[in-house]
Enquirer: 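Before anything else, here's the structure in question.
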Amino acid sequence: MNKTRHIGLHAIKVISHSMRSGSGVAFIFLTILIGLSLANLVVTPIELELITVEELQDSSARAIGIALATATLRASDGDDNQGTLTSRMENGDLIDLGMWARYLVIENPVLLSITVLLLGVVLPLLLPLGSFTVISGDVQHRTVRYLLPRTSRSSILIGRWLGSMILAWSLIIFLLCSVVIYLSIMIPSESLEDLIPWAGRCFLALFFLTIPYVSLGILCSATFSVPMVALLATVGSTIGVPLLSLSLQEAWEPLGNLLYLLPWGYSHELLSPTTHKVVEASAYCLLHGLLFLILALLKFRRADL
Amino acid sequence: MSEPQHTIQIENLEHRFGTKVALSNISWRLPQKGIVGLVGPNGAGKTTLFSLIAGFLRVQSGKIKILGSSSPGQASLAGRMGVMPQDAIFAKDISILDQLLYLLKLDGITGASAESRVFAIMKRVGLEKEIHRGASTLSHGMGKRLGVAQSLLGLPEIVLLDEPTAGLDPANARQIREFMREVGKSALVIVSSHNLIELQDLIDEVGVIVDGKLVASGTVEEVTQRDRRFEVTFGVPVTPEMLVQIDQLDAVQSVNSDSYQMSIDLDASGETGLDQALLTLQQKLVDLGTPAYELREGASLEQAYMRLTSAPKNTPEE
Amino acid sequence: MAANDRPGGLTALSVLNGSFALSVGGATISRFLESYKLMQVLENGIPAGEWRGRYYYQKLLDEGLTPLDLQILGVMGLTATVLLLVSIWGFLKQNNVLGRWLGTIGGVALACVSVCSILWLPQSYLKGSGISIARQMFYPLFLIFMLHVIFRRDFLNQQQDLST
């Protein structure tokens, strides 16, 4: 009971401290700014009438299909010609990917889908900004020593993890609401009835995607007592894992599986049209998050503070 | 259920930082209440011992039992121990009031009672005007007082204070000492300090750490029983001849002078103890025709400390 | 004593205020320049060789935009810019009037500029700047929330300190 109360108190403290600290304000503002800018990037060509929604649906269906083929590592059969991929998606063995792309951009609001797909790539890089000081800042200045006689180490870590998660989820909700409201007002073809359920589905995808990346930030924050090192480690591993796996895959294909060290390997399936794949991807995200959290707990509980 | 023991029991405690041995074979039992001093040279291991008791460092070898708990950092100890760490910094972006209220919330105290307790304790340490400020605006001495205040917020059963009066002006140091005395009536207060004269007046028990080893522990009388320093004031200036004559006495370990005053370290460990040593000294002063105008006890703890901390260098085996 | 007890978030907010003041300031200059162009078009017809297209200004006029609209928006933008810039000093000094209240009025002015732009300016003028306006709508809300919820006590306490 006391532990639950302490976890809640630590979570609230993290949220309120984030609002008051320079790095926290920067994180909140950058996330909103970059999120809205991504949406702007998607919406501007439609607004300027450089392209129609139908044309965007058509071209993005192809582009997303190719991206999905690459992401699912199925394009590496020595057959990476774009034209061949497109025909395989339309008629051949990759037809499910073609259906998937259609599901994202034709069956559901295309502008919101593309914005969320872009967010899915950018958020993992932004989330460390909100979690890198959560533990390391207090350890560096020994502020944590005022807390240790009053609360357990696991309460501190879990509470701060929860606070960071709630903050990230709130920002995602705010972003999606802004984009949905804007699209429903400014783009006549995007109706609120279509947008709201899809936005809810997109929120769930981003909700699960947030868990492993925030947990990774907490793990790095608990491992390194210097906040900047924690930040570098989180961002470095988030970018480094896909780069490393892609380059090593060239040498030996199984090394491409290194991508699964982080959710990069399966996170796209959070927006799959197949329910069981979504459930699987969500479960993997949870497990990944849990693994990072447990590692962080082990590290923090044994650390000399 | 048995009554929890209000005490700390340390058994065969050892701690290393890499290859450096910071603490070696420390065994110490601390009383239920009162003020205990922890003294020792810089780098002797005082802060390491504090950090182990407080749960900042993990116990590598040996045992520390606190208030019935088998090790520090257990959930059952939460809120029962107050610690003033030496080098911790309060968060920069939050006001002192909010930080102290947050600490009290963790102790389970909220609302108006929490606020009134914060105001009362801040007034006690003379920081009531700074309560809405950020901790980064405080001077070194104010920071120390804030550290003491936070350690005593939740009315803990054990209080660990690492150098609480270092850097304080005499009035504030006195205020903190009085506060410690008051707290020491109902809780165990462990104080580490280099100010031995201050400690001697304050503490009930003492532990002396040298090179990571607890070389002496017990009540102040027990530790200082063979080291008694007396300050003697004369009606005439002290002459070198007087110094030589006094120094030749068996019971005198060392003697120093300053115009009309002589500082004499007596060895009270003999069979007849302090009384005989004092009698011999006074007789000698009368024989010299320079009777003492005033004779009062000086800093015996400092003398014991000097003996204990320099002992390894003067051991006969060397 | 240390230099100040200003929370880092307030310093970050002053940087954000500065960047928004600059962006609104930039937009304000362009509003005044375009109102001048519109006046020219009204007086002399379509000028030849205009960089934004010969018929752009005529189209704006046809859509009902007047130079006065742009000038009013320009004045509002100028007010918002000045208020945001002055409030930076108030943030840094944690001054309740110059920081919290001027910042609030600056935020409201910024929101008014955005709302009035959406209401008054024709679609052809706003095209492509849509979500950036939404972004400008977000900042005033964020600013007012921060000043009146998160940093309220910091301003009030600082004022109390100065008065005692």
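Residue numbering restarts at 1 for every chain, and letters A, B, ... go by the order of the sequence lines. On a predicted model such as this, the values are computed, not experimentally measured, just so you know.
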Enquirer: May I ask you to name which of B/L160, B/D98, B/L103, B/D107 has the most heavy-atom pairs under 4.5 Å with chain A?
Expert: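 Top count of heavy-atom pairs under 4.5 Å with chain A: B/L103.
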Enquirer: Taking every heavy-atom pair that is under 4.5 Å apart, which of A/R142, A/R20, A/H141, A/R145 has the most such pairs with chain B?
Expert: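 The answer is A/R145.
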Enquirer: Please tell me whether B/T48 and B/H15 have a donor and an acceptor in their side chains that are separated by less than 3.5 angstrom.
Expert: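 Their side chains do not contain a donor-acceptor pair, so the 3.5 Å distance test is not met.
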Enquirer: Is A/R302 in contact with chain B via its backbone, its side chain, both, or neither, using a 4.5 Å heavy-atom distance?
Expert: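 Looking at A/R302, just its backbone touches chain B.
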Enquirer: Answer with side chain, backbone, both or neither: which region of A/S21 has an atom nearer than 4.5 Å to a non-hydrogen atom of chain B?
Expert: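 Both parts, heavy atoms under 4.5 Å.
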Enquirer: Verify, without hydrogens or angle tests, whether B/K46 (side chain) and B/G40 (backbone) share a donor-acceptor contact under 3.5 angstrom.
Expert: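 Yes: the side chain of B/K46 pairs with the backbone of B/G40.
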Enquirer: Is atom NZ of B/K105 surrounded by more than 12 heavy atoms (other residues, nucleotides or ligands) closer than 6.0 Å?
Expert: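 Incorrect, the count does not exceed 12.
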Enquirer: Looking at B/R29 and B/E11, is there a salt bridge between them, counting it only when a charged N and a carboxylate O are closer than 4.0 Å?
Expert: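 So B/E11 pairs with B/R29 through a salt bridge.
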Enquirer: Measure B/Y102 against the heavy atoms of chain A and call it side chain, backbone, both or neither at under 4.5 Å.
Expert: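 Side chain of B/Y102 only, per the 4.5 Å heavy-atom cut-off to chain A.
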Enquirer: I'd like to know if B/E182 pairs up with B/R124 as an ion pair, taking the criterion as any Lys NZ or Arg NE/NH1/NH2 lying under 4.0 Å from an Asp or Glu carboxylate oxygen.
Expert: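 The answer is yes: the pair qualifies as a salt bridge.
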